[in-house]
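These notes concern the structure reproduced below.
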Amino acid sequence: MHPTATDAPALAQLAGLLADTSRARICLALLDGRAWTAGELARAAGVAPSTTSDHLSRLVEGGLLAEERQGRHRYLRLADPGVAQLIEDLAGRAAPVAPPARSLRAARATTALAYARTCYDHLAGRLGVLLHDTLLDRALLDRAGGLTLTPAGLDWCADLGLPVAPLRASRRPLLRDCLDWTERRPHLSGALGAALCARLLDLGWLARGTGRAVRLTPAGVPALAAALGLTPADLAPPATTDAGGGRA
């Protein structure tokens, strides 16, 4: 069914939920795929707990967040992968606002996040875009008739120990482009994108950092490079520029 003019009020209501800066900060924080407490989200949004409670209730009622309670604790997470896709797509289309880092530590954190991070449950950042583009360049993915796995791509997944058949049975699309908000180009999402990120973590090729950031491990650099037909240098993150313009 295609959207019609009668869907306009619902669309406006949804847009209104994200039109508030504090609610937008909450949704962006939850892109790490974890469930957060209300207190943690209050600190992330930079607002009082009482104000955060109202924001969270509106986001839950609007279908963007799901709530879980364990004893006295209230945990919030993004409602589903589709909401994560929406948030990331909107962030990718928004004009970037990147204040200068006030310290070398902050600059390194920003660089790490831009290089490799999770977007809900799949790999994003420069590394995620490189993975997406390399799979297309090697004809492991094909765009003819939509983004699909080729026979060679199925073999590649099998070699990586990543079974595709169970993923096809999922209600979630197998493959989707997700606009990367730092690179402004697509990275890979969908059921396969999520499974691939999980597999790289299980293999120890990726390790989690602070927040949404992930990093290639010393063992993961040559292993992933070999799997993608690249050199380790192709996977090297950029150097960090300090406040004085030097390289760190």
Side-chain angles (χ1 to χ4, degrees), residues 1-4 7 11 14 31 33 78-94 96 114-203 205-206 212 214 216 220-237:
M1 180 181 297
H2 295 289
T4 67
D7 298 306
L11 178 60
L14 177 62
L31 276 177
L78 294 180
D80 54 55
V83 172
Q85 178 98 32
L86 172 66
I87 301 301
E88 184 82 0
D89 283 350
L90 289 173
R93 295 182 186 280
Y115 174 69
R117 64 184 181 276
T118 53
C119 171
Y120 190 59
D121 59 4
H122 55 271
L123 186 62
R126 185 173 301 182
L127 184 61
V129 171
L130 176 63
L131 176 65
H132 173 279
D133 291 349
T134 302
L135 294 178
L136 281 169
D137 290 344
R138 291 190 56 195
L140 303 178
L141 297 180
D142 184 31
R143 286 202 177 280
L147 195 62
T148 58
L149 266 175
T150 65
L154 286 169
D155 291 340
W156 183 82
C157 289
D159 290 341
L160 202 62
L162 187 62
V164 174
L167 303 178
R168 292 192 188 279
S170 170
R171 295 171 56 188
R172 187 175 181 182
L174 181 66
L175 293 163
R176 285 191 66 175
D177 285 333
C178 183
L179 182 64
D180 196 278
W181 65 267
T182 52
E183 295 296 306
R184 303 303 167 110
R185 294 165 56 205
H187 57 245
L188 189 65
S189 70
L192 182 61
L196 180 56
C197 182
R199 181 60 177 157
L200 296 179
L201 287 165
D202 288 344
L203 288 169
W205 297 3
L206 285 179
R212 294 170 59 194
V214 295
L216 279 170
V221 173
L224 183 59
L228 294 175
L230 301 174
T231 68
D234 294 325
L235 301 179

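Residues: numbered from 1 along the sequence shown.
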Side chain to side chain contact (heavy atoms under 4.5 Å, CB included) between Leu127 and Leu131, worked out: CA-CA 6 Å; Leu127 184 61; Leu131 176 65; 5.8 Å; no

Determine whether [X] and [Y] make a side-chain contact, defined as any pair of heavy atoms from C-beta on separated by less than 4.5 Å.
X      : Y      : answer
Val214 : Leu200 : no
Leu230 : Leu130 : yes
Tyr115 : Leu235 : yes
His187 : Cys119 : yes
Pro186 : Cys178 : no

Between [X] and [Y], is there a donor-acceptor pair closer than 3.5 Å when you use the side chain of the first and the backbone of the second?
X      : Y      : answer
Thr118 : Leu123 : no
Arg199 : Leu160 : yes
Trp156 : Ala227 : yes
Asp234 : Thr231 : yes

Starting from the C-alpha separation in whole Å, work towards a yes-or-no answer on side chain to side chain contact (heavy atoms under 4.5 Å, CB included) for Arg185 and Leu179. CA-CA 5 Å; Arg185 294 165 56 205; Leu179 182 64; 5.6 Å; no

For residues Glu183 and Ala114, report the shortest heavy-atom separation together with the two atoms involved.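 Closest pair (atom of Glu183, atom of Ala114, distance): OE2-O, 4.4 Å.
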
Shortest non-hydrogen separation from Leu174 to Arg168 and the atoms involved: CD2-NH1, 3.5 Å

Say you draw a straight line from SG of Cys197 to CG of Asp202; how long is it, rounded to the nearest 0.5 Å?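 So the gap between those two atoms works out to 9.5 Å.
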
Look up atom CG in Leu196 and atom CG in Leu167, then write down how far apart they are to the nearest 0.5 Å.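 That separation rounds to 10.0 Å.
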
Pair Thr134, Asp137: side-chain N/O donor-acceptor within cut-off below 3.5 Å: no

Report all side-chain donor-acceptor pairs from residues 140-155 shorter than 3.5 Å, counting only partners two or more places apart or in another chain.
from: Asp142; atom 1: OD1; to: Ala144; atom 2: N; distance (Å): 3.4
from: Arg143; atom 1: NH1; to: Asp177; atom 2: OD2; distance (Å): 2.9
from: Arg143; atom 1: NH2; to: His132; atom 2: NE2; distance (Å): 3.4
from: Arg143; atom 1: NH2; to: Asp177; atom 2: OD1; distance (Å): 3.2
from: Arg143; atom 1: NH2; to: Asp177; atom 2: OD2; distance (Å): 2.8
from: Thr148; atom 1: OG1; to: Asp142; atom 2: O; distance (Å): 3.4
from: Thr150; atom 1: OG1; to: Ala139; atom 2: O; distance (Å): 2.7
from: Thr150; atom 1: OG1; to: Leu140; atom 2: O; distance (Å): 3.2
from: Thr150; atom 1: OG1; to: Ala152; atom 2: N; distance (Å): 3.4
from: Thr150; atom 1: OG1; to: Gly153; atom 2: N; distance (Å): 3.0

Step by step, work out the side chain to side chain contact (heavy atoms under 4.5 Å, CB included) result for Tyr120 and Ile87. CA-CA 10 Å; Tyr120 190 59; Ile87 301 301; over 6 Å; no

Test side chain to side chain contact (heavy atoms under 4.5 Å, CB included) applied to Leu224 and Leu206, step by step: CA-CA 9 Å; Leu224 183 59; Leu206 285 179; 5.8 Å; no

Arg117/Asp180 ion pair, N-O < 4.0 Å: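 The answer is yes: the pair qualifies as a salt bridge.
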
Ser189 and side chain to side chain donor-acceptor pair (under 3.5 Å): which single residue from Gln85, His122, Arg172 fits? Gln85

